[in-house]
Amino acid sequence: MANEWATFGADLHLELRGPRLRAGLMDALREAVRSGRLEAGTRLPSSRSLAVDLGMARNTVADAYAELVAEGWLTARQGSGTRVARRAEPRRAEPRRAEPRRAEPRHPEARPATVPAASPARALPRPSTPAHNLKAGTPDLASFPRAEWLKAYRRALTAAPNEAFGYGDPRGRIELRTVLAEYLARARGVYARPERIVVCAGFVHGLMLIGQVLRSRGVRDVAIESYGLGLHAGLLTGAGLGTPVLPFDERGTRVEESGPLGSVGAVLMTAAHQFPLGGALPPDRRAEVVDWARASGGFVLEDDYDGEFRYDRQPVGALQGLDPERVVYLGTASKSLAPGLRLAWMVLPESLVGEVVAAKGVVDWVSSAPDQLAFAEFLSSGAYDRHVRAMRLRYRRRRDQLVAAVAAHSPETRVSGIAAGLHAVLALPPGTEQDVLRAAAWNGLAVQGVNQFRRPTVPATLDGLVVGYATPPDSAWQGALQALCRVLPQAPGGA
């Protein structure tokens with residue numbers, strides 16, 4: 001199907017192709033803004049008139065507008081209509097000084113001497129295993145699609161060329177990068193081309209490479225969010241980078257230039273679903289952080305760790321789509337499939353591709369070529385989409401059960417954050433987090449407190465639990481939920 005549309009005074013045609021009208025309209029509008037055919041401040045037609053022009057339902061147009069407002073492409077104000085969001089002008093690139101060439105590894109199998117060998121640890125008493133595990137960060141491993149993955153693996157190995165079993169391209173197999181580019185554009189609104197994608201062995205590996213490249217470029221500091229994994233901050237620190245902390249408020253991370261952003265070269269963010277607090281970066285702040293990157297020449301490192309899992313609406317598109325030259329997109333199969341696959345990817349600005357590939361080639365950490373080919377087949381066959389849809393239903397059901405159980409057993413406890421991802425935050429009454437954690441340990445329940453993820457310089461103003469409802473297998477879920485309810489604060493006179 002193809003529709004042409006000219007309602008803007010100037011000759012502007014948006015061509016919508018394919019059966020998915022809403023997605024086609026969103027793609028056409030993104031491309032019109034990205035190419036400059038729709039200038040900043042341009043007022044778009046009302047959803048009613050555009051629906052008539054295109055011959056589609058008004059709700060389809062309204063939903064597309066709302067989604068693009070959430071992603072930061074458009075703005076909507078009462079009385080002013082829907083307009084194209086204003087973008088900051090990018091800073092002109094300064095001439096780069098030639099970087100000294102790195103010494104080539106002596107042999108493709110050799111490892112740099114700077115990588116320390118693992119040393120044997122002193123034997124310590126093994127802690128008793130908790131009866132129930134509600135720690136965040138792991139999907140339901142029992143739901144890994146073994147049969148479908150085995151089919152994909154067999155098809156991939158049968159069709160694999162002989163050279164696939166050699167050392168290969170540091171960017172990863174072209175078969176995987178090609179289908180990843182198609183999938184990310186369709187599912188996450190990412191502007192991706194195969195030559196800009198680098199496959200890596202997990203998000204941590206990708207962050208290590210980006211940190212190394214930023215430091216070699218002269219970047220001194222990378223701003224991080226007030227709450228997050230200490231491991232990620234430690235990796236940046238290990239690369240020689242400072243990690244000033246961005247402030248936050250009830251709307252999430254604050255990104256005004258008068259704060260730490262005014263003096264850093266990059267910022268690491270979980271924009272679609274903040275970890276661990278669970279909010280989504282509001283549209284105005286999405287636009288603001290990209291404007292900062294364009295104006296300053298900095299980079300946004302977007303950790304899209306569970307972007308496919310949104311339960312109350314369609315997932316908000318990735319921040320990267322707003323400016324592919326200033327946002328480094330990092331995605332992973334660890335949450336959608338399994339962390340044991342060690343499959344992740346970076347979609348890089350063109351200016352960073354060569355440096356990241358060079359850094360990866362020296363480190364020589366690569367994901368298995370057969371696994372990459374199997375994942376490419378898994379994606380292209382539609383099996384990945386089917387698996388994500390099935391897990392989305394499963395996790396939504398679990399989250400709904402968690403919300404209902406907490407409301408029934410502990411009215412003082414509130415489930416905060418958006419309906420998304422693999423974990424939920426239970427906001428506890430002030431001063432009760434440590435007591436609840438002690439009770440959880442006594443009852444054989446492994447769960448984490450919000451303050452475990454708080455940066456050391458951030459004041460302790462929140463009390464809560466970070467509950468990974470995806471972690472238990474189906475057979476253990478109800479028992480884990482009951483154990484959780486037993487340790488939550490009870491209403492006066494409650495059981």
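What you are looking at is a predicted structure, and each value in this text was computed from that prediction instead of being measured.
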Student: Looking at the rings of Tyr311 and Tyr395, which for Trp means the six-membered one, are their centres under 6.0 Å apart?
Tutor: no

Student: Is it true that Asp385 and Arg186 make a salt bridge, defined as a side-chain N closer than 4.0 Å to a carboxylate O?
Tutor: yes

Student: Quick one: does Arg30's side chain have a donor or acceptor within less than 3.5 Å of a partner on Trp73's backbone?
Tutor: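 Side chain of Arg30 to backbone of Trp73: no pair is present.
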
Student: Donor-acceptor check, side chain of Glu302 to backbone of Val328, threshold 3.5 angstrom: yes or no?
Tutor: no

Student: Got a donor-acceptor contact below 3.5 angstrom from the Thr471 side chain to the Lys135 backbone?
Tutor: yes

Student: Hey, are the side chains of Leu352 and Phe299 touching, using non-hydrogen atoms and a 4.5 Å cut-off?
Tutor: yes

Student: Mark yes or no for whether Arg454, through its side chain, and Tyr227, through its backbone, hold a donor-acceptor pair below 3.5 Å.
Tutor: no

Student: Begin from the C-alpha positions of Leu301 and Leu207 and carry the test side-chain contact (heavy atoms from CB on, under 4.5 Å) through to its verdict.
Tutor: CA-CA 9 Å; Leu301 313 182; Leu207 187 60; 4.2 Å; yes

Student: My understanding is that only residues two or more places apart in sequence, or in another chain, count here; which of them pass ring pair (Phe, Tyr, Trp, His ring centres under 6.0 Å) with Phe275?
Tutor: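 For Phe275, the residues satisfying ring pair (Phe, Tyr, Trp, His ring centres under 6.0 Å) (neighbours in sequence not counted) are Tyr305, His423, Phe453.
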
Student: Please say whether more than 12 non-hydrogen atoms of neighbouring residues, nucleotides or ligands are located less than 6.0 Å from CD in Glu39.
Tutor: no

Student: Please check: side-chain N/O of Arg177 versus main-chain N/O of Gly172, any donor-acceptor pairing under 3.5 Å?
Tutor: yes

Student: Between atom OG of Ser351 and atom CZ of Arg326, what is the distance when rounded to the nearest 0.5 Å?
Tutor: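 Output value for this atom pair is 6.0 Å.
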
Student: For Thr270 and Glu225, does a side-chain donor sit closer than 3.5 Å to a side-chain acceptor?
Tutor: yes

Student: Would Leu426 and Val450 count as a side-chain contact (heavy atoms from CB on, under 4.5 Å) if you check the C-alpha gap in whole Å, the side-chain angles of each, and the deciding distance to 0.1 Å?
Tutor: CA-CA 9 Å; Leu426 307 189; Val450 164; over 6 Å; no

Student: So Lys151 and Ser381, side-chain contact (heavy atoms from CB on, under 4.5 Å) or not? Walk me through it.
Tutor: CA-CA 10 Å; Lys151 291 178 185 177; Ser381 69; over 6 Å; no

Student: Out of curiosity, Asp27 CG to Arg34 CZ, how far, rounded to the nearest 0.5 Å?
Tutor: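 Those atoms lie 9.0 Å apart.
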
Student: Atom CG in Leu44, atom CG in Leu29: separation rounded to 0.5 Å?
Tutor: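 Here the interatomic distance stands at 6.5 Å.
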
Student: Between Thr75 and Thr82, is there a side-chain heavy-atom distance shorter than 4.5 Å?
Tutor: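 No. Closest side-chain heavy atoms not under 4.5 Å.
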
Student: Any side-chain heavy atom of Pro260 within less than 4.5 Å of one from Pro247?
Tutor: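 Yes, side chains in contact.
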
Student: Salt-bridged, Arg398 to Asp400, with N to O below 4.0 Å?
Tutor: no

Student: With a 4.5 Å cut-off on side-chain heavy atoms, are Val415 and Arg399 touching?
Tutor: yes

Student: Would the distance check show the side chain of Glu71 and the main-chain N or O of Gly317 forming a donor-acceptor pair, the cut-off being under 3.5 Å?
Tutor: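 Confirmed, Glu71 side chain pairs with Gly317 backbone.
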
Student: Are any of the side-chain heavy atoms of Pro349 and Val327 separated by less than 4.5 Å?
Tutor: no

Student: Residues two or more places apart in sequence or in another chain: which of them pass ring pair (Phe, Tyr, Trp, His ring centres under 6.0 Å) with His232?
Tutor: Phe203

Student: Search all heavy atoms of Arg215 against all heavy atoms of Gly240 and return the closest pair with its distance.
Tutor: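 The answer is NE-O, 3.1 Å.
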
Student: Let me check something: any side-chain donor-acceptor pairs from residues 142-149 under 3.5 Å, sequence neighbours excluded? List them with distances.
Tutor:
residue, atom, partner, partner atom, Å
Ser143, OG, Asp140, OD2, 2.8

Student: Which heavy-atom pair separates Met346 from Gly206 by the least distance, and what is that distance?
Tutor: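 It is SD-O, 3.7 Å.
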
Student: Any salt bridge (charged side-chain N to carboxylate O under 4.0 Å, His left out) pairs touching residues 338-354, not counting sequence neighbours?
Tutor: Arg196-Glu350

Student: Throw together a table of side-chain donor-acceptor distances under 3.5 angstrom for residues 57-64, partners on residues two or more places apart or in other chains.
Tutor:
residue, atom, partner, partner atom, Å
Arg58, NE, Ser47, OG, 3.2

Student: So, does Arg83 use its side chain to make a donor-acceptor pair with the main chain of Gly41 at under 3.5 Å?
Tutor: yes

Student: Taking all atoms of both residues into account, what is the closest heavy-atom pair of Gly72 and Ala85, and its distance?
Tutor: O-CB, 3.4 Å

Student: Run the salt-bridge test on Asp249 and Arg251 with the 4.0 Å N-O cut-off and return the result as yes or no.
Tutor: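 Answer for the salt bridge query: no.
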
Student: Keeping Tyr191 on the side-chain end and Leu322 on the backbone end, is there a donor-acceptor pair under 3.5 Å?
Tutor: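 Answer holds: no.
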
Student: What are the two closest heavy atoms between Val425 and Pro276, and how far apart are they?
Tutor: CG2-O, 2.9 Å

Student: Any side-chain heavy atom of Thr332 sitting closer than 4.5 Å to one from Asp306?
Tutor: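 A side-chain contact is absent here, since even the closest heavy-atom pair is not under 4.5 Å.
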
Student: Please name the pair of heavy atoms, one in Ala192 and one in Ala181, separated by the smallest distance, quoted to 0.1 Å.
Tutor: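 Closest approach of Ala192 to Ala181, heavy atoms only: O-CB, 3.8 Å.
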
Student: If you round to the nearest 0.5 Å, how far is CD1 of Ile197 from CH2 of Trp345?
Tutor: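 Nearest 0.5 Å value for the CH2-CD1 distance: 9.5 Å.
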
Student: Quick one: closest heavy-atom pair of Leu373 and Ala164, and the distance?
Tutor: CD1-CB, 3.9 Å

Student: Are more than 12 heavy atoms, taken from residues, nucleotides or ligands other than Arg154, located less than 6.0 Å from that residue's CZ atom?
Tutor: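 Open.
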
Student: Can you find a pair of side-chain heavy atoms, one from Pro339 and one from Leu141, that are under 4.5 Å apart?
Tutor: yes

Student: What distance do Arg188 atom CZ and Glu308 atom CD have between them, rounded to the nearest 0.5 Å?
Tutor: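 Answer for the CZ-CD pair, Arg188 versus Glu308, is 6.5 Å.
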
Student: Using the ring pair (Phe, Tyr, Trp, His ring centres under 6.0 Å) criterion, which residues pair with Tyr384? Sequence neighbours excluded.
Tutor: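 Counting only residues at least two positions away or on another chain, Tyr384 forms a ring pair (Phe, Tyr, Trp, His ring centres under 6.0 Å) with Tyr183, Phe375.
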
Student: Can you tell me how far apart CG (Leu319) and CG (Asp304) are? Round to the nearest 0.5 Å.
Tutor: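 The CG atom of Asp304 is 9.5 Å from CG of Leu319, to the nearest 0.5 Å.
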
Student: Looking at Glu67 and Arg313, is any side-chain nitrogen of the basic one under 4.0 Å from a carboxylate oxygen of the acidic one?
Tutor: yes

Student: Do Leu246 and Val267 have side chains that approach each other closer than 4.5 Å (heavy atoms only, starting at C-beta)?
Tutor: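 Sidechains of Val267 and Leu246: in contact.
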
Student: Tell me if a side-chain donor or acceptor on Arg286 pairs with a main-chain N or O of Val290 at a distance below 3.5 Å.
Tutor: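 Such a contact is absent between Arg286 side chain and Val290 backbone.
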
Student: Do side-chain atoms of Ser296 reach the backbone of Trp292 as a donor and acceptor pair under 3.5 angstrom?
Tutor: yes

Student: Before accepting this row, confirm whether a basic side-chain N of the pair Arg285/Glu288 lies closer than 4.0 Å to the acidic partner's carboxylate O.
Tutor: no

